[in-house]
Each structure stands twice: as structure tokens, then as C-alpha cells.
2 protein chains.
Amino acid sequence: MTSLTELNQYSSEHNHNQCVSLALGTAQQLCNQRGVLLTTIRHQVLTLIWESHKAVKAYELLDRLRPLQATAKPATIYRALDFLIEQGLIHRVESLNAFVGCRCSDQQHEQLLLICKLCEQVDERPAAEVMSALLEESKQAGFMIHSKAIEIHGICSDCSTK
Amino acid sequence: MTSLTELNQYSSEHNHNQCVSLALGTAQQLCNQRGVLLTTIRHQVLTLIWESHKAVKAYELLDRLRPLQATAKPATIYRALDFLIEQGLIHRVESLNAFVGCRCSDQQHEQLLLICKLCEQVDERPAAEVMSALLEESKQAGFMIHSKAIEIHGICSDCSTK
DNA sequence: TAGGTAATTGTTATATTATTACATCAGAAA
DNA sequence: TTTCTGATGTAATAATATAACAATTACCTA
């Protein structure tokens with residue numbers, strides 16, 4: 001079986017339907033395992049986020065959710081986003097105030113994010129070397145890590161070779 | 001001469017006046033060298049930011065600036081912040097929507113930020129190993145770096161030993 | 001199946017963060 | 001003096017996010 005992390009969304013010919021169905025399938029499975037509910041709204045928001053590999057703004061999601069949920073309000077979106085983040089199904093991109101689907105929700109969730117300024121796509125990388133250097137650095141500083149946001153902005157390989 | 005980076009703000013007995021005068025001195029010097037103006041407002045905002053090693057919110061700065069600049073408005077603060085960031089004199093902490101003085105403005109500006117959840121102080125570290133691992137990772141991904149935000153949240157050594 | 005409870009969603013209002021556009025002013029250069 | 005540039009004043013508004021409370025739904029168990 002293909003795993004989420006084996007797909008590279010930057011390649012223009014990637015099968016995005018496969019991305020989406022893998023992501024939603026994994027999400028459902030994880031929620032089942034954890035005894036939490038992937039309700040209709042949460043499922044819809046996750047699906048909207050997965051429409052592309054770009055980070056999406058909350059109010060853009062709201063606009064896109066409204067046709068499906070006539071009563072949707074900001075709180076509707078933010079609650080769904082909170083849930084999806086808690087469950088590790090999406091990333092909050094701090095430097096963009098935006099949200100992107102996580103392709104590694106079943107594994108190590110904290111990843112390095114490579115954010116392309118041109119195509120706006122966000123790539124996740126486990127970046128083991130970076131993470132271990134980070135651990136070492138924190139250890140030296142006597143700092144106990146709770147969470148990390150590692151966000152790199154630049155030009156992705158696909159855009160720079162075009 | 002003591003350099004900014006030799007001081008550790010986490011040690012409760014550090015001489016903060018020294019931090020401030022070093023920071024403001026370096027800032028003035030850099031602005032002179034670059035032929036840009038550290039105007040009264042910009043100097044005041046930088047001074048307010050340096051009142052502590054905590055990240056400060058824009059509207060909190062505004063409140064604290066108003067006694068000094070009766071006409072100050074949001075744009076006043078955001079313009080000063082934009083300038084200070086451009087000149088590398090402060091960091092924007094993306095994950096807090098807040099701002100903190102930079103102790104390495106005369107050197108490599110992009111640093112790892114260690115943000116304590118208890119005392120709220122922000123420590124900067126050049127973290128050479130992390131940065132080189134990051135470069136290597138980007139290279140492998142064919143990604144051209146423009147800028148980085150590396151923000152680690154947790155408990156600082158000072159707080160965890162208290 | 002009825003009743004209790006916790007989780008989810010609906011709804012309104014508002015807080016917080018940030019930008020845009022245009023007017024004015026101050027200082028350096030022609 | 002005129003002109004240009006950068007900085008600031010000012011008003012309005014856009015964009016992002018949360019709080020508080022009511023209503024509904026899902027689920028457990030007696």
C-alpha cells in the first residue's frame with residue numbers, strides 16, 4: 001500500500017485524488033482508534049483543506065464551507081481546525097496564519113515545513129538530522145521542548161526548474 | 001567589550017541595563033553605517049521592546065508608546081516594527097504574533113528561538129548544527145531558502161530549576 | 001426505552017491583529 | 001525656492017480569532 005509520505009505533491013503529475021483519499025482514510029482510521037468523532041463538519045473542513053497542498057486561511061475555508069453548511073460561522077471553522085490540529089491531521093502554519101493537511105498524521109507529526117513563495121505549496125519533511133540537532137541544542141540550553149514550529153520560506157524545486 | 005550575545009537573559013541576576021544600552025548602541029551604529037534613520041519613534045519602540053526579554057504584542061507596544069507619542073496609532077507601531085525587522089534589530093515571533101529584541105543584529109540574524117511558556121522569555125541561539133542540517137535538508141529537497149522561522153516552545157532552564 | 005451526561009454545534013457579539021489610502025510635514029538636493 | 005524623498009498623521013476598515021451561552025445530538029446505562 002502506498003503511504004501518504006511516499007507521494008510528492010510538488011510533481012505536477014501526482015495523483016491528487018490519491019492524496020485526498022489516503023488522507024481522509026487515515027484520518028477516519030485514527031479517529032476510530034482514538035474514540036473521537038470525525039463529524040460531518042470536521043470531515044468537510046478536512047476535505048476542503050486537502051483540495052490542494054497550499055496552506056488555506058480560516059476565512060477562506062469558511063467561505064468554501066458555507067455552501068455545504070449554511071449556518072457556518074467563524075467559530076464553526078475554528079472549532080473544526082482546533083480538533084484537526086489536536087488530532088495531528090493538519091498543521092497550523094504559524095508564519096502564514098494558515099492551515100495545511102498533514103501527510104504524516106500516523107507518524108511523527110512535528111515536521112519541517114518547506115513553504116514555496118511561488119506555488120504556495122507546503123512540503124513536510126521529517127528532517128531527522130535537523131530534529132536531532134535541535135534536541136541536542138535544547139539539551140545544551142537546558143530547555144525542555146513542548147512543541148516546535150520550523151517553517152522555511154523559499155522556492156521549491158518544481159518552481160525553480162520551471 | 002561585552003557583546004550582546006555573551007549575556008544570558010535567563011539568569012535572574014543579569015544586568016538588564018547593560019542589555020538595553022548594548023542593544024540601542026548597536027542599533028544606532030548599524031543605522032548610521034547603513035544610512036537609515038533611527039528616528040525618535042523607532043528608537044522609542046525599540047526601547048519599549050527591550051524593556052524585557054519577553055515577546056511583546058503590537059497593541060501593547062502601542063499602549064506603552066502613547067504616553068510618549070500622543071498621536072500614535074496602529075500604523076505608527078507597525079511602521080516602526082517593519083523598519084526594525086527590516087534592519088534585523090528585532091525578531092517577529094510568528095507563533096505568538098509578537099516581537100522581541102534581537103541580540104545578534106550585528107551578526108547572523110536568523111536564529112533559533114527558544115520561547116519559555118512560564119516566564120515568556122525568548123532566547124536566541126545561532127544553533128550552527130541545526131542551521132547546517134537545515135541547509136543540507138533543503139539542498140536534498142532542491143529548495144532555495146529565503147527565510148526561516150524556527151520557534152521552539154517549552155520550559156527554559158531557569159524556570160525548570162526553580 | 002427513558003433519562004442523564006458529555007460532546008458538538010448554533011448564535012451573537014466582540015476582541016485582537018494588521019493594512020490601506022491619502023494627507024501632511026521635515027529635511028536634503030537641485 | 002522648488003522639488004523630491006522619507007517619515008509621520010489620520011481615518012477607516014480588513015483580516016484573524018475568541019468568548020459566552022443556548023440548543024442539539026450522541027451515547028451510556030438503569
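Naming: A, B, ... by sequence-line order, numbering from 1 per chain. Just so you know, these numbers come straight off a predicted model, no measurement behind them.
Here D/dT25 presents its C1' atom at 14 Å from CD of A/Q69, a figure rounded to the nearest Å. Residue A/L84 contributes atom CG, which lies 14 Å from atom C1' of C/dT8 at whole-angstrom precision. Rounded to a whole Å, the NE2 atom of A/H43 is 18 Å from the C1' atom of C/dT9. For A/I41 and D/dA26, the CD1 to C1' distance is 14 Å, given to the nearest whole Å. In this entry the distance linking CG of B/D63 with P of C/dA15 reads 14 Å, nearest Å. Note: NZ (B/K73) to C1' (D/dA12) measures 12 Å, nearest angstrom. Rounded to whole Å, the distance from CD on A/Q44 to P on C/dT9 is 10 Å.
Of the side-chain N and O atoms in A/T71, one or more sit less than 4.0 angstrom from OP1 or OP2 of C/dG10.
When side chains are defined from C-beta on, A/I150 counts as touching A/L134, because their heavy atoms get closer than 4.5 Å. Side-chain contact between A/Q87 and A/R42: absent, with no pair of heavy atoms (C-beta onward) separated by less than 4.5 Å. When side chains are defined from C-beta on, B/C102 does not count as touching B/L89, because their heavy atoms never get closer than 4.5 Å. Considering only heavy atoms from C-beta on, A/E60 stays 4.5 Å or farther from A/F99 through its side chain.
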N/O to N/O distances under 3.5 Å, protein versus nucleotides 16-21 of chain C:
unit_1, atom_1, unit_2, atom_2, d
C/dT17, OP1, B/K57, NZ, 2.8
C/dA18, OP1, B/R92, NH1, 3.0
C/dA18, OP1, B/R92, NH2, 2.7
C/dA18, OP2, B/Y78, OH, 2.9
C/dA18, O5', B/Y78, OH, 3.4
C/dA18, N7, B/Y59, OH, 2.6
C/dA18, N6, B/Y59, OH, 3.1
C/dA21, N6, B/R79, NH2, 3.4

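For B/R125, the salt bridge (charged side-chain N to carboxylate O under 4.0 Å, His left out) test picks out A/E137, B/D123, with sequence neighbours left out.
A/E124 places no side-chain N or O within donor-acceptor distance of the main-chain N or O of A/Q111, the cut-off being under 3.5 Å.
Rounded to the nearest 0.5 Å, atoms OG1 (A/T76) and CZ (A/R66) are 8.5 Å apart. We find the SG-CD distance between B/C156 and B/Q121 to be 6.5 Å, quoted to the nearest 0.5 Å.
Within a heavy-atom distance below 4.0 Å of DNA chain C, no residue of residues 33-40 of chain B is found.
Scanning both residues, A/A58 and A/I77, for their nearest heavy atoms gives O-CG2, 3.7 Å.
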